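All chains are named by letter (A, B, ...) in the order of the sequence lines, taking the proteins before the strands, and each is independently numbered beginning at 1. Computed from a predicted model, the values in this text were never measured in an experiment.
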2 protein chains.
Amino acid sequence: MPDGPSSPTRLGDLERVVMETLWAHERGTLTVRAVHNELAADRDIAYTTVLTVLDRLAKKGMVLRERVGRSWEYRAAASRAELTAASMRHTMEDVDSGDRRAALMHFLDGASTDEVADLRAALAEVERRANPDA
Amino acid sequence: MPDGPSSPTRLGDLERVVMETLWAHERGTLTVRAVHNELAADRDIAYTTVLTVLDRLAKKGMVLRERVGRSWEYRAAASRAELTAASMRHTMEDVDSGDRRAALMHFLDGASTDEVADLRAALAEVERRANPDA
DNA sequence: CGGACTAACTACGTTACGTAGTAGAAACTA
DNA sequence: TAGTTTCTACTACGTAACGTAGTTAGTCCG
């Protein structure tokens, strides 16, 4: 029973590579054949391996698929950014609120200037949305 | 070859429980016996299981230990907050800078008011440090 | 010395995952 | 229509991580 990307399933290396391929075509769908073609350019890999991986990803809810004729068209269930965000949030949520502050401090300590800038911008954006009149 | 908590090793369930126990005594060290006593209060678990888990955690660099007499005293190599932060940062780092903004936006979108407040506070604190004169 | 306690080593079952072969259905093609 | 191609579904096998714990062998205390 697929439960969607809300539960942060751990991905293996190949699974991640396949997700990358799907993400590279964010707005389209890909057949197994198409994914295999892309991967085969870089590595020696069997068609059925790609098939199996996509099937497993679908069962985990990481990818969505729909029938087109006799074959399936796959696409990522969540964008890379969404998945990253969900994973970060999940990580943060498993500390209680006392440690959360400390965790966030450490997080920012280790972040680069660019990352902090992006975060500040995102924070401002969220604020603007919450408070459009100010 | 232990490489410290810098490489975010995935923890199993029991491994995490053991880490929790160590974190609960943040400033002290615990023997295998002590950890086992705590765990045994809640579940049926063999002493040697705890021993094995602590040994594996030590090999991963997740815990540090030192000889005291014939036995070992264990403590967490990183606080829970540090580990959480490292994991979040690691997650964030595997998107390129283009997606990072988007990821952070999604992250904040899903965050609670309290979490956003904590983050804002942490950001201000980091800023204050970087710019003590302003 | 003998029991008690500790750590090292070994082991077994499960699950995830990389990897891929084979079977069978469907479609294309000569 | 029969052969070939192309998909999917099912099955399989090896490895690694991990939960779990027994066995073995020192060491210390009385």
For DNA chain C, what dot-bracket results from Watson-Crick or G-U pairs at under 3.5 Å, with [ ] for crossers and | for inter-strand partners? ||||||||||||||||||||||||||||||

If you look at every strand shown and take non-hydrogen atoms under 4.0 Å, does B:Thr49 touch a base, only sugar-phosphate, or nothing? base

Can you check whether B:Tyr47 has a side-chain N or O nearer than 4.0 Å to OP1 or OP2 of C:dA7? yes

When rounded to whole Å, the CZ to P distance for the pair A:Arg56 and C:dC17 reads 8 Å

Report the distance from atom CH2 of B:Trp72 to atom C1' of C:dA8, rounded to the nearest whole Å. 11 Å

Extract, from 5' to 3' on DNA chain D, the first and final nucleotides lying under 4.0 angstrom from some heavy atom of chain A. D:dT6 to D:dA12

Testing A:Val17, A:Val53, A:Leu22 one by one against A:Val35 for a side chain to side chain contact (heavy atoms under 4.5 Å, CB included), which residue passes? A:Leu22

Looking across every strand, which nucleic acid part, if any, lies under 4.0 Å from A:Leu14 by heavy atom: base, sugar-phosphate, or nothing? sugar-phosphate

Separation of atom CG in A:Leu54 from atom C1' in C:dC17, rounded to whole Å: 14 Å

Base, sugar-phosphate alone, or nothing: which one does B:Arg43 contact when heavy atoms must sit under 4.0 Å apart? sugar-phosphate

Looking only at side-chain atoms of A:Arg70, point me to the closest of C:dC9, C:dA26, C:dA20. C:dA26

Are A:Arg100 and A:Asp96 close enough for a salt bridge, meaning some N to O gap below 4.0 Å? no

Give a yes or no on whether a salt bridge exists between B:Glu73 and B:Arg67, defined as a side-chain N under 4.0 angstrom from a carboxylate O. no

Is a side-chain donor or acceptor of B:His36 paired with a backbone partner of B:Ile45 at a separation under 3.5 angstrom? yes

If each of B:Val32 and A:Ile45 is mapped to the nucleotide of DNA chain C with the nearest heavy atom, which maps nearer the 5' terminus, i.e. the 5' end? B:Val32

Would you kindly compare A:Thr48 and A:Glu15 by the position of their nearest DNA chain C nucleotide and give the one closer to the 5′ end? A:Glu15

Report, as yes or no, whether the 6.0 Å neighbourhood of atom CG on A:Asp13 holds more than 12 heavy atoms from other residues, nucleotides or ligands. no

Reckon B:Arg33 touches a base, only the sugar-phosphate, or nothing at all at heavy-atom distances under 4.0 Å? sugar-phosphate

What is the nucleic acid contact for A:Arg67, judged by heavy atoms within less than 4.0 Å: base, sugar-phosphate only, or nothing? sugar-phosphate

Using a heavy-atom cut-off of 4.0 Å across all strands, would you classify B:Thr31 as base, sugar-phosphate, or nothing? nothing

Do A:Phe107 and B:Met92 touch side chain to side chain, with heavy atoms closer than 4.5 Å? yes

Euclidean distance, A:Thr29 OG1 relative to A:Trp72 CH2, rounded to 0.5 Å: 13.0 Å

B:Glu15/B:Lys60 ion pair, N-O < 4.0 Å: yes

Within the 4.0 Å heavy-atom criterion, would you say B:Ser71 contacts the bases, only the backbone, or no part of the nucleic acid? sugar-phosphate

State whether A:Lys60 places a side-chain N or O below 4.0 Å from either non-bridging phosphate oxygen (OP1 or OP2) of C:dA16. no

Sorted by first residue and then second, give each salt bridge (charged side-chain N to carboxylate O under 4.0 Å, His left out) pair with at least one member in residues 18-33 of chain B; sequence neighbours left out. B:Glu20-B:Arg80

